[in-house]
**Student:** 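Input: one structure, supplied below.
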Amino acid sequence: QSQVVESGGGLVQPGESLRLSCTASFDLTRASIGWFRQDPGKERKRVSCISPTSDHKKYADSVKGRFAISRDNTENTVYLQMNALKPEDSAVYHCAASVGCATDDPADFHAWGQGTRVTVSS
């Protein structure tokens, strides 16, 4: 089964930054890629999404102005730059593929990876 691989998580202090990466052994370049986060016992929520050519990007209100999504199709990788991190950003972050960014429903995304944990704490 095709899966993406997320990396880049870690433990940081409030106000610091992290860059997450999402890559795969299969071609991601024609897919829209969404970044989601999930706290234990809570539903998975999308924080950002990017179209195949990067012309469309979407952000959840909670991360607008702090997070930036980008992709390098030559590297088959999508990034999530997270700045000014807050404790409430702590979660397991997942990326997944879809045909578009119009929907933020996790059910419309596929090829989920295991995720990478982000912990923001002083």
Side-chain angles (χ1 to χ4, degrees):
Q1 187 173 2
S2 299
Q3 287 184 314
V4 299
V5 177
E6 305 94 337
S7 62
L11 171 62
V12 296
Q13 295 187 346
E16 293 187 337
S17 299
L18 279 174
R19 189 177 78 159
L20 306 183
S21 298
C22 171
T23 190
S25 59
F26 61 94
D27 186 3
L28 292 177
T29 63
R30 297 183 180 183
S32 291
I33 302 298
W35 279 101
F36 293 75
R37 64 187 183 191
Q38 185 171 26
D39 292 317
K42 295 186 178 180
E43 64 181 12
R44 195 168 290 184
K45 293 186 176 181
R46 196 181 76 180
V47 296
S48 189
C49 189
I50 188 168
S51 62
T53 57
S54 303
D55 54 340
H56 294 293
K57 299 178 182 179
K58 291 194 172 184
Y59 298 94
D61 288 342
S62 59
V63 306
K64 280 180 181 177
R66 299 188 299 121
F67 289 14
I69 193 169
S70 62
R71 66 192 302 161
D72 183 344
N73 285 341
T74 66
E75 297 292 332
N76 202 42
T77 301
V78 175
Y79 302 100
L80 184 68
Q81 178 68 41
M82 306 188 298
N83 300 323
L85 282 162
K86 304 175 181 180
E88 51 263 43
D89 294 318
S90 298
V92 177
Y93 283 72
H94 299 266
C95 63
S98 183
V99 296
C101 290
T103 173
D104 60 2
D105 186 343
D108 293 322
F109 288 76
H110 61 275
W112 295 90
Q114 295 299 309
T116 185
R117 180 173 296 279
V118 172
T119 302
V120 185
S121 176
S122 56

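Computed from a prediction, not measured in an experiment: that's the story for all the values here.
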**Student:** To the closest 0.5 Å, what do you measure between CH2 (W35) and OG (S48)?
**Tutor:** 10.0 Å
**Student:** How many angstroms lie between atom OG of S51 and atom NZ of K58, to the nearest 0.5 angstrom?
**Tutor:** 10.5 Å
**Student:** Could you walk me through whether V4 and C95 satisfy the side chain to side chain contact (heavy atoms under 4.5 Å, CB included) test, starting with their C-alpha distance in whole Å, then the side-chain angles of each, then the deciding distance to 0.1 Å, before giving a yes or no?
**Tutor:** CA-CA 7 Å; V4 299; C95 63; 3.3 Å; yes
**Student:** Apply side chain to side chain contact (heavy atoms under 4.5 Å, CB included) to R37 and V63, showing your working.
**Tutor:** CA-CA 12 Å; R37 64 187 183 191; V63 306; 4.0 Å; yes
**Student:** Only distances under 3.5 Å count here; give the side-chain donor-acceptor pairs of residues 13-22 to other protein atoms, sequence neighbours excluded, each with its distance to 0.1 Å.
**Tutor:**
unit_1	atom_1	unit_2	atom_2	d
E16	OE1	Q13	N	3.0
S17	OG	N83	OD1	2.9

**Student:** What residues form a ring-ring contact (aromatic ring centres under 6.0 Å, His included) with F109, not counting sequence neighbours?
**Tutor:**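 Listed in chain order: F36.
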**Student:** Tell me the salt bridge (charged side-chain N to carboxylate O under 4.0 Å, His left out) pairs involving residues 94-110, sequence neighbours left out?
**Tutor:** none
**Student:** Do you know the tightest heavy-atom contact between L85 and M82?
**Tutor:**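 Shortest heavy-atom separation between L85 and M82 comes out as CD2-CB, 3.8 Å.
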**Student:** Using 30° and 60° as the class boundaries, would you call the ring planes of W112 and H94 parallel, tilted or perpendicular?
**Tutor:**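 Aromatic pair W112/H94 classed perpendicular.
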**Student:** Taking only residues at least two apart or on different chains, which pairs with a member in residues 62-91 satisfy disulfide bond (SG atoms under 2.5 Å apart)?
**Tutor:** none
**Student:** How many angstroms lie between atom CG of L80 and atom CD1 of I69, to the nearest 0.5 angstrom?
**Tutor:** 6.0 Å
**Student:** According to side chain to side chain donor-acceptor pair (under 3.5 Å), who are the partners of T74, at least two apart in sequence or on a separate chain?
**Tutor:**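 D72.
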**Student:** Between the side chain of T23 and the main-chain N/O of N76, is any donor-acceptor distance below 3.5 Å?
**Tutor:** yes
**Student:** Would you name the heavy atoms of Q38 and A91 that are closest together and state the gap between them?
**Tutor:** O-CB, 3.6 Å
**Student:** What residues form a salt bridge (charged side-chain N to carboxylate O under 4.0 Å, His left out) with R66, not counting sequence neighbours?
**Tutor:**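 In terms of salt bridge (charged side-chain N to carboxylate O under 4.0 Å, His left out), with neighbours along the sequence ignored, R66 is linked to D89.
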**Student:** Under the side-chain contact (heavy atoms from CB on, under 4.5 Å) rule, collect the residues that match up with S54, sequence neighbours excluded.
**Tutor:**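 S54: side-chain contact (heavy atoms from CB on, under 4.5 Å) contacts with I50, K57, R71.
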**Student:** Is there a side-chain contact between V12 and T119 in this structure, where contact means two heavy atoms from C-beta onward sitting under 4.5 Å apart?
**Tutor:**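 No, side chains not in contact.
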**Student:** Side chains of F26 and Q3, heavy atoms from C-beta outward: is any pair under 4.5 Å?
**Tutor:** no
**Student:** For K64, check side-chain contact (heavy atoms from CB on, under 4.5 Å) against everything at least two apart and list the hits.
**Tutor:**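 Scan of K64 (side-chain contact (heavy atoms from CB on, under 4.5 Å), adjacent residues dropped) gives Y59, D61.
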**Student:** Within a strict 4.5 Å, meaning less than it, do heavy atoms of the I33 and Y79 side chains meet?
**Tutor:** no
**Student:** So which pairs with a foot in residues 109-118 pass salt bridge (charged side-chain N to carboxylate O under 4.0 Å, His left out), sequence neighbours left out?
**Tutor:**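 For residues 109-118, and leaving out neighbouring residues, there are no salt bridge (charged side-chain N to carboxylate O under 4.0 Å, His left out) pairs at all.
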**Student:** Which residue pairs satisfy the disulfide bond (SG atoms under 2.5 Å apart) criterion with at least one member in residues 24-82, sequence neighbours excluded?
**Tutor:** C49-C101
**Student:** Under 4.5 Å between side-chain heavy atoms, chaining through other members, with only Ile, Leu, Val, Met, Phe, Trp and Tyr counted: pull out the rest of the cluster around L11, sorted by chain and number.
**Tutor:**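 In the cluster with L11 there is nothing else; it is isolated.
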**Student:** Using atom types as modelled and distance alone, determine if a side-chain donor or acceptor of T116 lies under 3.5 Å from a backbone N or O of E6.
**Tutor:** no
**Student:** Other members of the hydrophobic cluster containing V92, with the 4.5 Å side-chain heavy-atom rule, please.
**Tutor:**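 Joined to V92, directly or through intermediates: none.
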